[in-house]
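One-based numbering, in listed order, for ligands and for the atoms of each. Computed over heavy atoms, backbone and side chain alike; hydrogens, waters and symmetry mates excluded.
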Amino acid sequence: MSFTVAIDGPAAAGKGTIARAVAERFGFHHLDTGLLYRAVGVKGGDPAAAAAGLTPADLERGDLRSAEAGQLASRVAAIPEVRDALTTFQRRFAAQEPGAVLDGRDIGTVICPDAAVKIYVIADDQTRAARRAAELGADPAEMLAQLRERDTRDGARAAAPLRPAEDAVILDTTAMTIAQAVAAAVALVSERRAAAG
Ligand code: DC
């Protein structure tokens with residue numbers, strides 16, 4: 001049976017880095033689900049149609065990691081028809097053998113409510129803004145304003161709002177190095193895998 005790891009949390013908390021490392025460590029597939037919403041946002045036109053017609057080439061665009069794409073993604077992600085159009089793809093991805101790690105906002109709550117491991121990654125917003133500013137070569141104050149705007153929109157929307165699943169383990173990476181955060185997630189996955197037999 002496949003083994004699903006759901007990693008959710010606000011923007012720039014470290015989800016992607018942790019998800020990639022966990023997938024590599026266990027030989028699992030990895031999907032950064034934020035890229036799907038970013039691709040819909042930058043595609044333009046009707047967002048629901050863009051989501052329904054998303055192609056692998058749309059996910060290869062070089063501009064998906066920009067702050068602008070993040071803002072566009074957060075806007076289209078509030079549209080229920082967009083989320084619905086992306087659900088089947090994400091669930092199929094999650095069911096792959098021997099396992100899959102998906103990172104996003106609603107993986108543990110909506111996409112994979114039966115995931116074997118659910119981790120909700122947080123960090124204080126100054127820390128998140130500083131990390132993202134360093135990554136994108138942007139101004140930390142501007143990044144902080146953008147992250148707060150995105151978190152507020154992602155958390156306040158009616159469709160699959162950002163929140164931890166009841167059975168998620170909260171991982172606060174504020175005072176952790178990347179290696180420490182990855183080690184904590186790997187330990188949790190190892191423990192659950194051993195328990196699952
Ligand atoms: O993880 P990210 O920063 O690439 O996500 C960009 C936006 O996409 C985020 O602000 C909200 C939305 N998103 C979502 O609603 N659900 C997901 N599973 C992933 C991302």
A69 versus D63, closest heavy-atom pair with distance: CB-O, 3.6 Å
Neighbour count >12 (heavy atoms, 6.0 Å) for atom CG, L136: yes
Closest heavy-atom pair and its distance - V40, L86: CG2-CD1, 4.5 Å
In one Ile/Leu/Val/Met/Phe/Trp/Tyr side-chain cluster, 4.5 Å: V76, L162: no
Heavy-atom side-chain contact between F3 and P98 under 4.5 Å: no
Shortest non-hydrogen separation from K118 to G108 and the atoms involved: NZ-O, 3.0 Å
Tabulation required: pairs of a nitrogen or oxygen in ligand 1 and a protein nitrogen or oxygen under 3.5 Å; columns are atom names and distance to 0.1 Å; otherwise 'none'.
residue: ligand 1; atom: 1 (O); partner: R105; partner atom: NH1; Å: 2.9
residue: ligand 1; atom: 1 (O); partner: R105; partner atom: NH2; Å: 3.4
residue: ligand 1; atom: 3 (O); partner: R38; partner atom: NH2; Å: 3.1
residue: ligand 1; atom: 3 (O); partner: R105; partner atom: NH2; Å: 3.2
residue: ligand 1; atom: 3 (O); partner: R150; partner atom: NH1; Å: 2.9
residue: ligand 1; atom: 4 (O); partner: R38; partner atom: NE; Å: 2.6
residue: ligand 1; atom: 4 (O); partner: R38; partner atom: NH2; Å: 3.3
residue: ligand 1; atom: 5 (O); partner: R105; partner atom: NH2; Å: 3.4
residue: ligand 1; atom: 10 (O); partner: R150; partner atom: NH1; Å: 2.9
residue: ligand 1; atom: 10 (O); partner: D154; partner atom: OD2; Å: 2.7
residue: ligand 1; atom: 15 (O); partner: R83; partner atom: NH1; Å: 2.8
residue: ligand 1; atom: 15 (O); partner: R83; partner atom: NH2; Å: 3.4
residue: ligand 1; atom: 15 (O); partner: R157; partner atom: NH1; Å: 2.8
residue: ligand 1; atom: 15 (O); partner: R157; partner atom: NH2; Å: 2.9
residue: ligand 1; atom: 16 (N); partner: R83; partner atom: NH2; Å: 3.0
residue: ligand 1; atom: 18 (N); partner: T33; partner atom: OG1; Å: 3.0
residue: ligand 1; atom: 18 (N); partner: R105; partner atom: N; Å: 3.1
residue: ligand 1; atom: 18 (N); partner: D106; partner atom: OD1; Å: 3.0

